[in-house]
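Worksheet: one structure, shown below.
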Amino acid sequence: MTKRLSEQAILITGGASGIGRAAAESCARDGAKLAISDVNVEAGEETVSALRELGADAVFIRADVSISSEVESLIGKVVEKFGCLDGAFNNAGIESSWAHTVKASEEDFDRTIAVNLKGVWLCLKHEIKQMLEQGRGGSIVNTASVAGLVGARGGGSYVASKHGVVGLTKTASLEFSSKGVRVNSVCPGIIETPMVTRMLSETGLSKQVMIDQEPIGRLGEPKEIGDAVAWLLSNESSFVTGIAMPVDGGYTAV
Ligand code: NAP
């Protein structure tokens, strides 16, 4: 039986950990060829080994998504390896320091925007250019967040970056869907990843406080986002473009 991502060459940024790694595993099970990119080389190489064990053709390419030349070179290397780029999950991101607007630092704001927002913009630019050159469309998913849909006290720069990702997604979708390039964003609720572990330790909050924000009564698992992303990347979502899709245990239903 043909799998829904068979022979599709897919790039995943921030693919060495958490949601990115889980999405890579979901895509591998669906038959994709995978380029994993991240700044964490050791974890990236380890992820690629795990993907190969699942039977996927996979490669690790180091790139910092906030640096234009590195993103351009990343897309070139993916095409060198697989001959094309069919799909991308622009997922690399950082948590900002947790501080109310008055106390937040300019340095933290600039870094958060550089990675979470400019990083997605740079990826979109180079990925869509490549997909248009190939002339057979493509599917791109950006990681926004529930923080791209609602505010969060103490998370101003993060919230701004993720609202920006939703805006970039809608705009690119309007510009390129008629040419066969679909662009969507996924908005995870609170998912158990190393990022959330760091946030708990930085803020001193208990895990229960986070669970209490989730109507479903638990935190999400990375695989629950990964499976949704694999669907958005596949042709099963062929009429879906420009959306900000919550996968959030009811977080934004309140
Ligand atoms: P994670 O476990 O920390 O994974 C993020 C990965 O991205 C890490 O391997 C990290 O490397 C890498 N990375 C950081 N900066 C980068 C850069 N400039 N260029 C390339 N790679 C970079 O976090 P996660 O929870 O899976 O988060 C993935 C995405 O989901 C992020 O965009 C995040 O904002 C979003 N998200 C997460 C949640 C959640 O609850 N976990 C909810 C909503 C949205 P290092 O570890 O070396 O920094």
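Just so you know, these numbers come straight off a predicted model, no measurement behind them. Numbering of ligands and ligand atoms starts at 1, following listing order.
Heavy atoms of Ala114 stay at 4.0 angstrom or farther from ligand 1. Contact analysis puts Pro194 in contact with ligand 1, with a non-hydrogen atom separation below 4.0 angstrom. In this structure, Glu95 has no heavy atom closer than 4.0 Å to ligand 1.
Within the set Gly20, Gly18, Gly93, Ser161, the minimum heavy-atom distance to atom 5 (C) of ligand 1 is found for Gly93. Taking all heavy atoms of Asp38, Thr13, Val39, Asn90 into account, the minimum distance to atom 8 (C) of ligand 1 is reached by Asp38. Remark: among candidates Glu192, Met195, Arg111, the nearest residue to atom 27 (O) of ligand 1 is Met195, based on non-hydrogen atoms. Across the listed options Val247, Asp64, Asn91, Asn91 owns the non-hydrogen atom lying nearest to atom 29 (C) of ligand 1.
Distances below 4.0 Å separate heavy atoms of Thr143 from the following atoms of ligand 1: 29 (C), 30 (O), 32 (O), 35 (C). Atoms of ligand 1 lying under 4.0 Å from any heavy atom of Val196, numbered from 1 in the order shown and given with element: 39 (C), 40 (O), 41 (N). Taking every non-hydrogen atom of Ala63 and a distance limit under 4.0 Å, the qualifying atoms of ligand 1 come out as 19 (N), 20 (C). Atom numbering of ligand 1 starts at 1 in the shown order; those under 4.0 Å from a heavy atom of Ala144 are 44 (C). Near Ala92, the atoms of ligand 1 lying under 4.0 angstrom from a non-hydrogen atom of the residue are 20 (C), 21 (N), 22 (C), 32 (O).
Of the possible polar contacts, none joining the Ser161 side chain to the Asn116 backbone as a donor-acceptor pair under 3.5 Å is found. The closest donor-acceptor contact from the side chain of Gln134 to the backbone of Leu85 lies under 3.5 Å. Here the side chain of Thr169 pairs no donor or acceptor atom with the backbone of Gly242 at under 3.5 angstrom. Side chain of Arg218 to backbone of Ile211: no donor-acceptor contact under 3.5 angstrom is found.
On a distance-only criterion, Val65 and ligand 1 share at least one N/O pair closer than 3.5 Å. Taking distance alone, with nitrogen or oxygen atoms compared against 3.5 Å, Gly14 stays at or beyond that limit from ligand 1. Residue Val115 places no N or O, backbone or side chain, under 3.5 Å from any N or O of ligand 1. Checked by distance only, ligand 1 and Tyr158 come closer than 3.5 Å through their nitrogen or oxygen atoms. At least one N or O atom of Thr193, backbone or side chain, sits closer than 3.5 Å to an N or O atom of ligand 1. Considering backbone and side-chain atoms alike, Lys162 places an N or O below 3.5 Å from some N or O of ligand 1. Taking only nitrogen or oxygen atoms, main chain and side chain alike, Ser17 reaches within less than 3.5 Å of ligand 1.
Taking the charged nitrogens against the carboxylate oxygens, Asp86 and Arg136 do have a contact shorter than 4.0 Å, which makes a salt bridge. With respect to the salt-bridge test (charged N to carboxylate O, under 4.0 angstrom), the residues Arg111 and Glu107 do not qualify.
Within the 4.0 Å heavy-atom criterion, neither part of Ser37 lies near ligand 1. Proximity of Arg21 to ligand 1, defined as any heavy-atom pair under 4.0 Å, is not found for any part of the residue.
The side-chain contact (heavy atoms from CB on, under 4.5 Å) search around Ser206 returns Gln208, Val209, not counting sequence neighbours.
A donor-acceptor contact closer than 3.5 angstrom links the side chains of Asp248 and Thr252.
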